[in-house]
Amino acid sequence: MAKLFRAVIMGPPGSGKGTISERIAQRFGLTRLSSGDFIRENIAANTDAGVLAKTYIERGLLVPDHVMTRLLLPRLEEMTRHSWLMDGFPRTLAQAEALNSTCDLDLVISLNIPYETLKERLSDRWIHPASGRVYNMGFNPPHVQGRDDISGEPLIQHDDDKPEALVARLRHYKDVAKPIIDLYKSKGILHTFSGTETDRIWPYINSLLSTKIPMEGTHRTQRPCTRGY
Ligand SMILES: Nc1nc2c(ncn2[C@@H]2O[C@H](COP(=O)(O)OP(=O)(O)OP(=O)(O)O)[C@@H](O)[C@H]2O)c(=O)[nH]1
Ligand SMILES: Nc1ncnc2c1ncn2[C@H]1C[C@H](O)[C@@H](COP(=O)(O)OP(=O)(O)O)O1
C-alpha cells in the first residue's frame, strides 16, 4: 500500500527553490507549501501572527522560530491526507527539530548553486508581491515588461536581492543551513544537486522523485502530523 510523500527543498537565496518547487508540484501533483507565501497570506489577512511576522520581515529579518512554528505546524496537521513539498521551512535547526517531532520527511532536496550564479539571477529577479510569483528577465520574463502575467499589476525587485545584500544573506544561510543539512544527511534523506542552470538540474530531480513518489491513484495511507511541538 503506497504511503504519502513529504519533502522539503532547501537552498540559498536565488538557488531556484520556488522555480523547482513549482515544477515538482505540477509534475507529481504534490501540494506545494511555501513558508513565505503562508506568511504573506497571514499578513494580508491581518492575523495576529501575520502582524507580528510583518514587523520582522519589514526589517529584512527571519520570523522568530516560535512564531514560524506556531504558524506552520497546525497547517501541516491539516495536510494529513496529502503529499506535500515544503519550500522555505525549516530555515533553522530549531524549526527542523520542531518539524521532525511532528512529521517524518521522506526526502530533502538541497540546491548547491555558485555565488556568482545566485548574484546574477537575483539581480534579474522581479516579483509580484501579492502572489509571490517570480520572474527573471533572462530566464522567465513576464509577457509585459514590469507587469505580472496574471494580474497585470506592477512587478518589484526586493532590496535584499541586490548584490551588496546577497553576501550577508548567503553567509547567514550557510551558517543556519549547515546543521539542518547535517541532520538530514544523518537521517539518510538528503539529496544535493549542484549546478548553474535549473533546466540542467531538473532532469536529475525529476528522475529521483519518479523513483520515490507513490504512483498516482494508488491508495494512500494517512500519516499523522501530530502536534509534537
Ligand atoms: N538565468 C537563470 N535564472 C533562473 C534559473 N532558475 C531560476 N532562475 C531565476 O532566478 C531567480 C531565483 O529563483 P527562485 O526560484 O526565486 O529562487 P529561490 O531559491 O526560491 O529564491 P529565494 O526565494 O530568494 O530563496 C528567479 O528570478 C528565477 O526566475 C536558471 O536556471 N537560470
Ligand atoms: N522558515 C522561516 N523562518 C523564519 N522566517 C521566514 C521563514 N520563511 C520565510 N520567512 C520570512 C523571512 C523571508 O525573508 C520572508 C519571505 O520569505 P520568502 O518568500 O521565502 O522570501 P525570501 O526567503 O527570498 O526572503 O518571510
Side-chain angles (χ1 to χ4, degrees), residues 8-25 32-44 49-50 52-73 75-76 85-99 109-114 116-142 148-149 155-163 165-166 168-170 172-174 176-177 180 193-205:
V8 158
I9 184 168
M10 296 177 60
S15 53
K17 296 183 296 300
T19 303
I20 290 170
S21 304
E22 208 47 55
R23 293 191 188 185
I24 293 174
R32 183 189 164 200
L33 299 174
S34 153
S35 60
D37 291 351
F38 196 55
I39 290 173
R40 277 183 286 276
E41 284 163 23
N42 276 268
I43 291 175
L52 182 54
K54 190 174 179 189
T55 62
Y56 292 92
I57 295 173
E58 281 170 343
R59 289 176 285 154
L61 302 172
L62 285 184
V63 173
D65 290 336
H66 69 282
V67 177
M68 209 58 225
T69 306
R70 290 247 173 270
L71 253 178
L72 259 183
L73 296 193
R75 175 85 173 78
L76 293 184
L85 170 73
M86 174 84 76
D87 166 11
F89 183 95
R91 282 202 194 186
T92 65
L93 187 58
Q95 291 180 13
E97 285 162 348
L99 180 63
I109 291 171
S110 175
L111 301 176
N112 180 23
I113 311 295
E116 283 306 320
T117 305
L118 300 175
K119 192 168 79 168
E120 191 184 304
R121 288 184 183 180
L122 291 178
S123 60
D124 284 343
R125 177 163 72 175
W126 290 81
I127 290 165
H128 177 235
S131 67
R133 274 188 290 275
V134 164
Y135 299 89
N136 187 281
M137 299 325 283
F139 177 69
N140 65 323
D148 173 52
D149 287 351
L155 301 177
I156 62 154
Q157 283 204 297
H158 278 319
D159 284 344
D160 62 6
D161 275 0
K162 292 190 170 33
L166 179 60
R169 283 177 79 194
L170 200 50
H172 181 253
Y173 171 79
K174 283 181 178 167
V176 295
I180 304 173
F193 297 88
S194 302
T196 58
E197 291 174 55
T198 292
D199 290 342
R200 294 170 70 93
I201 291 174
W202 170 246
Y204 295 96
I205 293 177

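Counting starts at 1 for both ligands and their atoms, following the listed order. Heads up: numbering here begins at 1 and tracks the sequence. Remember, predicted model here, so these are calculated numbers, not experimental data.
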Sub-3.5 Å donor-acceptor pair from the side chain of [X] to the main-chain atoms of [Y], do we have one?
X	Y	value
Arg169	Asp160	yes
Lys17	Pro12	yes
Glu22	Gly18	no
Asn140	Val134	yes
Gln157	Arg125	yes
Tyr204	Ser194	no

Element-labelled atoms of ligand 2 that are located less than 4.0 Å from some non-hydrogen atom of [X]:
X	result
Gly36	17 (O), 18 (P), 19 (O)
Ile39	6 (C), 9 (C), 10 (N), 11 (C), 26 (O)
Gly88	1 (N), 2 (C), 7 (C), 8 (N)
Gln95	1 (N), 2 (C), 3 (N), 4 (C)
Arg40	19 (O)

_If you count every heavy atom of other residues, nucleotides or ligands that lies below 6.0 Å from Arg200 atom CZ, does the total exceed 12?_
no
Is the number of heavy atoms from other residues, nucleotides or ligands within 6.0 Å of NZ (Lys174) greater than 12? no
Non-hydrogen side-chain atoms of Ile127 and His158 separated by less than 4.5 Å: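 Yes - at least one pair of side-chain heavy atoms lies under 4.5 Å apart.
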I need the nearest protein heavy-atom contact for [atom]: residue, atom name and distance, please.
atom	result
atom 26 (C) of ligand 1	Val134 CG1, 3.4 Å
atom 29 (O) of ligand 1	Asn140 OD1, 2.8 Å
atom 9 (C) of ligand 1	Asn136 ND2, 3.5 Å
atom 8 (N) of ligand 2	Ser35 OG, 2.7 Å
atom 17 (O) of ligand 1	Gly16 N, 3.0 Å
atom 22 (P) of ligand 2	Arg169 NH2, 3.9 Å

Nearest heavy atom to [atom] wins, so pick from [options].
atom	options	value
atom 25 (O) of ligand 1	Arg23, Lys17, Gln157	Lys17
atom 12 (C) of ligand 1	Ser21, Pro141, Gly14	Gly14
atom 7 (C) of ligand 2	Lys17, Arg125, Lys54, Arg91	Arg91
atom 30 (C) of ligand 1	Tyr173, Trp202, Phe139	Phe139

Does [X] reach ligand 1 with a nitrogen or oxygen that is under 3.5 Å from one of the ligand's nitrogen or oxygen atoms?
X	result
Pro13	no
Thr19	yes
Glu197	no
Asp161	no
Arg125	yes

Checking contacts here: is it the side chain or the backbone of Thr198 that comes within 4.0 Å of ligand 1, counting heavy atoms only? Could be both or neither.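 Both of them.
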- Is Tyr135 touching ligand 1 with its side chain, its backbone, both, or neither, if touching means heavy atoms under 4.0 Å apart?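 Backbone only.
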Notebook entry, point to check: Would Arg40 count as a cation-pi partner of Phe38, with NZ or CZ less than 6.0 Å from the six-membered ring centre and within 45° of the ring normal?
Noted result: no
Would you mind running through ligand 1 and noting each atom that sits below 4.0 Å from a heavy atom of [X]?
X	result
Gly18	15 (O), 18 (P), 20 (O)
Arg169	24 (O)
Pro12	19 (O)

The side chain to side chain donor-acceptor pair (under 3.5 Å) partners of Arg121 (sequence neighbours excluded) come to none
Under 3.5 Å, N or O to N or O, is Asp160 touching ligand 2 that way?
no
Exercise. Any N or O of Val63 that comes nearer than 3.5 Å to an N or O of ligand 2?
Worked result: yes
Fill in: Within residues 130-140 or reaching into it, pairs that qualify as salt bridge (charged side-chain N to carboxylate O under 4.0 Å, His left out) - sequence neighbours excluded
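Residue pairs with at least one partner in residues 130-140: Arg133-Asp148.
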Could you tell me if any non-hydrogen atom of Gly11 lies under 4.0 Å from any atom of ligand 1?
-> no
Check your understanding: In terms of side-chain heavy atoms, does Ser34 have a donor or acceptor partner in Asp87 at a distance below 3.5 Å?
Key -> no
Side-chain donor-acceptor pair present, Thr69, His66, cut-off under 3.5 Å: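 Note: Thr69 and His66 side chains miss the donor-acceptor criterion.
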Between [atom1] on residue [X] and [atom2] on residue [Y], distance to nearest 0.5 Å:
X	Y	atom1	atom2	value
Phe89	Asp65	CZ	CG	8.0 Å
Leu73	Gln95	CG	CD	9.0 Å
Ile24	Ile109	CD1	CD1	4.0 Å

Note: Ile57, heavy atoms under 4.0 Å from ligand 2, region reported as side chain
